[in-house]
Amino acid sequence: MQPYTPGEQLAPGKTIKLNTNENPYPPSEAVVAAIQHAAAGALNRYPDPVATVFRRAAAESLGLPGPEWVLAGNGSDEILTILVRGFVGENQKLRLPYPSYILYRTLADIQGAAWEQISFDDDWQLPAAFGVTPDDVRLVFLPNPNSPSGTVLLPEQVESLASTMTCPLVVDEAYADFAGANCIDLVKKHENILVTRTLSKSYGLAGLRFGFLVAQPHVVKELAKIKDSYNCDMLSIAAATAAISGQQWLADVVQKMNATRDQMTIGLSKMGFDVTPSKANFVWCTHPSGQHQAIYEFLKKNQILVRYMQFPDWGDGLRISVGTDDQIDALFIMLESYLRNV
Ligand SMILES: *Cc1c(COP(=O)(O)O)cnc(C)c1O
């Protein structure tokens, strides 16, 4: 099988890292204090297998009826694994839009399942056929906002697509905190709409590994049967609980990053890039010169890492994560110096 290739992680140092959509800001002090407190506690004991304190805090912060609506995982990637393992058997199918998050296909491959892709149109909308599922399609993934585009479908569009599906629709909301809208309320109304979230992006905790699912209690109960018994450790449960309880910290950091994203969009457009309007913490851009790979390599040589992506039968371009304002200034200086010679 083809392996999934994650974005490059260089040794920490001078590199400006804009390639894997991490938060450029560290997590809140409350999160660090919670880890220190947990580390001084009972690490000789196993953690709570179902992360009850986290699930309670998440239900409270997200306005859910209770912790039984939440399943905690070792990163939302583990939640996605559990979903594919639970719903898509051998020779059954996973559906996903194209281009989107490449990991989904790997998860289907691991299960011996098939996958099929349905392309976004030129405006990053999906055809109604995306919501029409034959018997062998057992699960549909929809990253919203999507990666690499940063574009969103509105909750009413998601609801309409799900209404014609005969299987669950997983709305992967890894970037929803940056979008100002999400599908959590739809989960309350429809048992076939499931939402996944991560603490890796907006909460600045990619190094921690924590994500979760929001679904109706009977769905959570069944999926919990197939997770690893101790899938989240004591330190990450403590940190994630502190993080999800810090909604003001989140609002502040999101506001700051969205302002930087808007500056990136303006700046890149001025340099001649075609920038897709983004609701996430990254932007997708192409340049009329078509020299995306060369730009990526030039930036890398100058210690700025962005993501060069190539999608067969679709095209290539650069996905650039939102950094601090200083990092984006440095990026712009390098891009201008490259483009002067194009
Ligand atoms: C980053 C990302 C994830 C993975 O999140 P983790 O919690 O770090 O595993 C899931 N889905 C999408 C679309 C992502 O971009």
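Counting convention: from 1, in listed order, for ligands and their atoms alike. Numbers for residues simply follow the sequence, beginning at 1.
- Side-chain contact annotation: Y203 with N23, donor-acceptor N/O pair under 3.5 Å absent.
- Residue G211 places no heavy atom under 4.0 Å from ligand 1.
- Of the protein's non-hydrogen atoms, R209 NH2, 2.8 Å is the one closest to atom 9 (O) of ligand 1.
- Looking from atom 8 (O) of ligand 1 to the surrounding protein, the closest heavy atom is S200 OG, 2.6 Å.
- A donor-acceptor pair shorter than 3.5 Å cannot be found between the side chains of D109 and Y4.
- From the protein, the heavy atom lying nearest to atom 15 (O) of ligand 1 is Y175 OH, 2.5 Å.
- Taking every heavy atom of G75 and a limit of under 4.0 angstrom, the matching atoms of ligand 1 come to 7 (O), 9 (O).
- Side-chain contact check for T260 and D325: at least one donor-acceptor pair (N or O, by modelled atom type) lies under 3.5 Å.
- With a heavy-atom cut-off of 4.0 Å, K201 touches ligand 1 through its side chain alone.
- One distance of note links CG of D172 with CG of L96; it measures 11.5 Å at 0.5 Å rounding.
- Under the 30°/60° scheme for interplanar angles, the aromatic rings of F178 and Y175 are found to be tilted.
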Run the side chain to side chain contact (heavy atoms under 4.5 Å, CB included) check on F282 and K201 step by step: do they pass? CA-CA 11 Å; F282 56 84; K201 314 284 166 53; over 6 Å; no
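- When hydrogens are left out, the protein atom nearest atom 4 (C) of ligand 1 is D77 OD1, 3.2 Å; that is the closest non-hydrogen contact.
- Within the structure, the closest approach of E78 to ligand 1 does not fall below 4.0 Å when heavy atoms are considered.
- Looking only at atom types and distance, the side chain of Q310 has no donor-acceptor partner in the side chain of Q293 under 3.5 Å away.
- Counting only heavy atoms of the protein, atom 5 (O) of ligand 1 lies nearest to S76 OG, 3.1 Å.
- Taking the six-membered ring where tryptophan is involved, the planes of Y98 and F311 are perpendicular, since the angle between them exceeds 60° and thus also 30°.
- Atom numbering of ligand 1 starts at 1 in the shown order; those under 4.0 Å from a heavy atom of T198 are 5 (O), 6 (P), 7 (O), 8 (O).
- Of the heavy atoms in D172, only side-chain atoms (C-beta onward) come closer than 4.0 Å to ligand 1.
- Neither the backbone nor the side chain of S147 has a heavy atom within less than 4.0 Å of ligand 1.
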